[in-house]
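FYI, side chains are in, hydrogens and waters are out, and symmetry mates aren't considered; it's all heavy atoms of this structure. Throughout, a chain's letter reflects where its sequence line sits, starting with A, and its residues are numbered from 1.
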Amino acid sequence: MRRRSAASHSVGRRRFLTLSAAGLVAAGLPRAARAQGKRSGELVAGLSERMLTLDPANHYSISSTSVHRHMFDPLVDVTNDSKFVPALAESWRAVNNTTWRFTLRKGVTFHDGTPFNADSALFTLRRVKDNTKLIKSFVYQDIESVEKDGDYSVVVTSNRPFGSLPAHLTMLGMLPPHAAKNEEAFFQKPIGTGPFRFTSWTHGDHIVLAANPTYWKPGVPRVEKVTFRFIPELSTRAAGLRAGEIHVVDRVTPDLVETLKSSRGVKVFDVPAVEAQRWIFQLAKEPVKDQRLRQAISLAIDRNVIIKDLLLGYGRPVDSPVPPGLIGHTSLPAKPYDPERARQILKQAGYTNVSIDFVLMKDLYPKQLEITQAVAAMLGEVGIKVNIKNLEIATAREHRSAGTYDMFFSGWAHMPHDPDWYFGQWFTRAGSEKLTRYNNPRVEQLIAEGRVPDPKVRQAKYEELERILWDEEPEIWPYYSVAIYGVSDRVRNFEPRRDYYVLLSDVAIV
Amino acid sequence: MTDLFVTDRSLEAGPPTSHRRPLNAPAVIGGLLLALTVLASVLAPVLSPTDPVKPQFSRRLAPPWGLGGTPAHVLGTDNLGRDILARLLHGGRISLALASVSVLIAAAVGIVVGLVAGSGGERVDALFMRLADVQLALPVIMLAIAIVAVVGTSPAALVGVLALSGWVLYARTVRANVLTIRRLEYVEAAYTLGASDLRIVARHILPNTLAPILVIGSSQFATMVLLESGLSFLGMGIQAPQPSWGLMLAEGRDYLSNAWWLATAPGMTISLVVLGANLLGDGLRDLLDPRLG
């Protein structure tokens, strides 16, 4: 643990110095000079996951969200500490529990000169609600109507409270209404209001973006050109970084940190991610539907060993199902490691020779096979036999929807920085139907009540429902993940994001 | 592969003659290499220093002895602190057992099919040989993916896949031999004397095909070890935490830049066993092929 805290301190100090230096420089210069003088150079980022589409409404991929954020602006932005801040919407407020009102920014144009106004927001929102083929469509099905009130104001009403709407809008880039004419052609060469313009995309390999000189935010972007290369193999990304061909890489694993740190010209940034690792139980299946067995499993797992010895400190102990920083996070008593008590519970409940299947989606999460083997050994100590099934992702998902597993290595990155989606997906009857078969009417009611816009109400409801989950243990939350990035020391002002996004609009290179 | 076939000319002399040739160096070296690995694997429970499956987190990624490590872990430890030598030895049990069993099954099936096809008339022959063509046309890995998707991963399924990939070679060789031998004078003489089909196959045909089968078997053993490792590497074979050479290789891949011994040790072992089996196969061929020497 010492190693990790040392690392994060050094990063914090470095970031602080960078920021204060930038602030000092900024204070002494007129705005225009700052904006002009700083735009130069080219940034190359290596992302772990391939981008599959240029349509911001048709994916939930983290890499794609990163890339799209440079071309498209959403209505709402989210900061690294999960605060929602204006982007294309200057302000918003909940008129009542089922109505949101957004006031839009004036004087913004799309890359082709089309002005951004309420019609763009109307088009984008109605499109994602009405075209149910779009992957993000299901989130917006609660919307009843999207109307404009003047040219720069939009009113969204929903048929039930939709408090997480601003959070979801952080992931929905605004489109010009003329995209409707021929969507297929539009998304070959898309246009947004973002800090970069689309230049070219070689499928599965890389995308090139060029600075938008008329971007509405002064001083942004700070480079002429950004290239995102898609490189799933970590060792290849790391080699590119060490060779200086790539300036930023995401998804570095703990074992590689020391190697990168000792490479000349490379810095390593780490930050607690908005992601809780989770091992879900199949709650309709013997024997893990028995809460006593789940409790015994939980007691038999030494989470500290996993965090300290396997993740080398790049993980944090869990104190609530929702990671810190998000609405609903609360501090609950840590889950103890007590194999003796686990054996007792198993004995009292009459479990002998328990054997469970632990299914993994092959190569999806860093170090998952290693961690699962450690867990198998820990459970073996209390007399539970674990059969590890490391399967192709599609096959593993089939097992998950068929319910033919006992434990399943699943994660959850809170991409919208709001837990409503997580709760609705995993702890309502409809949401978990093809996943864990979770069913608790009280929890379902609390999730529904937690959908209102009032953050105080939401926090109270979520705290109550998390206490229920903490006792029921429908899943094990072994650790909160840590996001690790490798960055060239030529890069200035890089912010390691907690949501795994690689955002380069404010980043410069020397 | 045609040089493995016993040709007409060689058989015109009649039943195998017994002029002995001295053992050649490749066969001896290959045989020794194989014998050593098999022996080490059989004795794994005695030889291996620690439990091959139980993690020891405090000893993670210890380098091999002499390269910064200790004699307690001669080949170092892996990402969960398990002794690599122990895992190699136990993994050898699994890898070698799977390879031998599948070679035996493939040979048994292949010999029977070859004998039936060669002596059972044109239609039977055509049926089996087309079946063999179909089998040869399917890439093994693709077949393995399909089978694993249906029946799941288990050692039995793995043996099935391996055996399925191997029987054709035996069937074709045996069939070719049967077709030739059937027309030889001493076989026809036996027919004339009233010997039954079964007797002719057992007494005259089978003994004459054993040499090429031995050769194929030993070189195929190498292929099977490689294939088993390949499938386990891809996650379609042995499942963690059980050790298998291919799986160890796969787990070590992520550590190449900071702990090279994880992948190197199983990689070297696979190479040595494959080399041994191939040397033995070559040596046997030199020894048994009447055309040579």
Side chain to side chain, B:L80 and A:L310, heavy atoms closer than 4.5 Å
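A side-chain contact exists here, since the closest heavy-atom pair is under 4.5 Å.
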
Could you tell me whether [X] atom [atom1] has more than 12 heavy atoms of other residues or ligands within 6.0 Å of it?
| X | atom1 | answer |
| --- | --- | --- |
| A:R397 | CZ | no |
| B:W260 | CH2 | yes |
| A:K335 | NZ | yes |

Report the distance from atom CZ of B:F57 to atom CD1 of A:I306, rounding to the nearest 0.5 Å.
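The CZ atom of B:F57 sits 7.0 Å away from the CD1 atom of A:I306.
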
Going by residue number, which parts of [range] are within reach of chain B, meaning a heavy-atom gap below 4.5 Å?
| range | value |
| --- | --- |
| residues 351-364 of chain A | A:K362, A:D363 |
| residues 368-376 of chain A | A:L369, A:E370, A:Q373, A:A374 |
| residues 232-239 of chain A | none |

Residue part contacting chain A, namely of B:R59, when any heavy atom lies under 4.5 Å:
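Neither part.
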
Under 4.5 Å heavy-atom distance to chain A, tell me which part of B:Q242 shows up: side chain, backbone, both or neither.
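Answer is neither: B:Q242 stays 4.5 Å or more from chain A.
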
Decide salt bridge (charged side-chain N to carboxylate O under 4.0 Å, His left out) for A:E381 and B:K54; before the verdict, give the C-alpha distance in whole Å, the side-chain angles of both, and the deciding distance to 0.1 Å.
CA-CA 10 Å; A:E381 292 285 311; B:K54 196 175 161 13; 3.5 Å; yes

Of the listed residues (B:S58, B:A240, B:P55), which shares the most heavy-atom pairs with chain A below a 4.5 Å separation?
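Ranked by heavy-atom pairs under 4.5 Å with chain A, first place is B:A240.
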
What pair of heavy atoms forms the shortest contact from B:R60 to A:L312, and how long is it?
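Of all heavy-atom pairs spanning B:R60 and A:L312, the closest is NH1-CD2, 3.7 Å.
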
Who among A:N387, A:L391, A:D309 has the most heavy-atom pairs with chain B under 4.5 Å?
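Going by pairs under 4.5 Å, I would pick A:D309.
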
Using heavy-atom distances under 4.5 Å, tell me whether A:E398 contacts chain B through its side chain, its backbone, both, or neither.
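No part of A:E398 comes within 4.5 Å of chain B.
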
List, one per line, each side-chain donor-acceptor pair under 3.5 Å for residues 98-109 of chain B, sequence neighbours excluded.
from	atom 1	to	atom 2	distance (Å)
B:S100	OG	B:L96	O	2.5
B:S102	OG	B:L98	O	2.4
B:S102	OG	B:A99	O	3.3

